[in-house]
Amino acid sequence: MSLTQIIRFPTHSDERGSLIALEGNDMIPFDIKRVYYIFGTQSGVSRGFHAHVHLKQVAVCVAGKCKMRLDNGHEQQEIWLDSPDKGLLIEGLIWREMHEFSPDCVLMVFASEPYDESDYIRNYTEFLHQAGL
Ligand code: T46
């Protein structure tokens, strides 16, 4: 499975502008249990640096952009989230980092589960161990 699974959201555009509608078990390929968004990220700040055991997420920059770095222990890929119609599906044991936030970036994330700190792996050595490496 590719590390970077991109979902292109259909955009309803007319003379007034554009609208994107997202529903669970449709464009978002799971039941949406939680939505959070990251904004006001200071220049030079990176976030993430963890993996999840069970959580599935779709991340989209609804404004601005940031660079997502994904790592499954074998390979690493970077992808710019830079359009409101470009969703990144993250599932499975993947270490993720977010870098180079633009000042106007609003990173919205749809998640398959409620917040649960015990689902996080925040130590890279532990991540590699869980990945069987
Ligand atoms: C992820 C990346 C893409 C909550 O109380 N509820 C929540 O639903 C979330 C996501 C966070 N928090 C609290 C926990 C921390 O005290 O908000 C604080 C910041 O969270 P964290 O340092 O985990 O944020 P990021 O940007 O490093 O990571 C977040 C998500 O936590 C994570 O699941 O995949 O965005």
Side-chain angles (χ1 to χ4, degrees):
M1 184 187 295
S2 169
L3 263 178
T4 50
Q5 302 182 74
I6 295 298
I7 305 171
R8 282 286 176 184
F9 305 135
T11 304
H12 305 273
S13 294
D14 58 29
E15 66 283 357
R16 298 169 298 175
S18 298
L19 182 154
I20 289 174
L22 301 174
E23 296 186 11
N25 296 310
D26 185 35
M27 293 315 297
I28 306 295
F30 47 75
D31 262 342
I32 301 166
K33 300 273 178 56
R34 175 167 54 108
V35 178
Y36 62 90
Y37 37 99
I38 294 168
F39 57 96
T41 308
Q42 299 298 303
S43 173
V45 167
S46 295
R47 304 189 61 123
F49 300 93
H50 58 256
H52 281 283
V53 180
H54 298 297
L55 192 68
K56 299 177 185 177
Q57 301 193 103
V58 171
V60 54
C61 279
V62 296
K65 65 178 183 177
C66 70
K67 189 190 282 181
M68 187 74 80
R69 184 171 192 276
L70 302 179
D71 176 356
N72 62 11
H74 295 284
E75 60 173 322
Q76 298 80 38
Q77 287 182 14
E78 292 185 341
I79 183 164
W80 280 102
L81 298 183
D82 53 5
S83 173
D85 76 347
K86 185 179 182 180
L88 175 66
L89 173 63
I90 311 172
E91 59 181 346
L93 201 57
I94 292 179
W95 185 265
R96 82 281 319 262
E97 301 171 7
M98 297 91 83
H99 302 281
E100 297 185 53
F101 288 82
S102 62
D104 59 343
C105 181
V106 180
L107 175 62
M108 182 166 286
V109 182
F110 301 88
S112 64
E113 304 297 335
Y115 178 67
D116 177 7
E117 184 59 36
S118 71
D119 192 65
Y120 285 74
I121 304 170
R122 294 190 183 272
N123 178 287
Y124 190 73
T125 304
E126 172 61 19
F127 159 71
L128 291 177
H129 178 70
Q130 293 238 6
L133 300 167

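We use all heavy atoms of the structure for the numbers below, so side chains are in, but hydrogens, waters and symmetry mates are not. Counting convention: from 1, in listed order, for ligands and their atoms alike.
Using a 30° and 60° split on the angle between ring planes, Y124 and W95 fall in the perpendicular class, above 60°.
The contact shell of ligand 1, taken as protein residues with any non-hydrogen atom closer than 4.0 angstrom, comprises R34, Y36, I38, R47, G48, H50, H52, Q57, R96, M98, Y115, Y120, R122.
L88 has its side chain within reach of I6: a pair of non-hydrogen atoms, C-beta onward, lies under 4.5 Å apart. You'll find the side chain of Q76 stays beyond 4.5 Å of the side chain of L70, heavy atoms only.
Side chain of N72 to main chain of L93: no donor-acceptor pair is present (N/O by atom type, distance under 3.5 Å, no hydrogens or angles).
Side chains of S46 and E97: a donor-acceptor N/O pair is absent below 3.5 angstrom, by distance only.
In this structure, H52 has its ring center closer than 6.0 angstrom to the ring center of H50.
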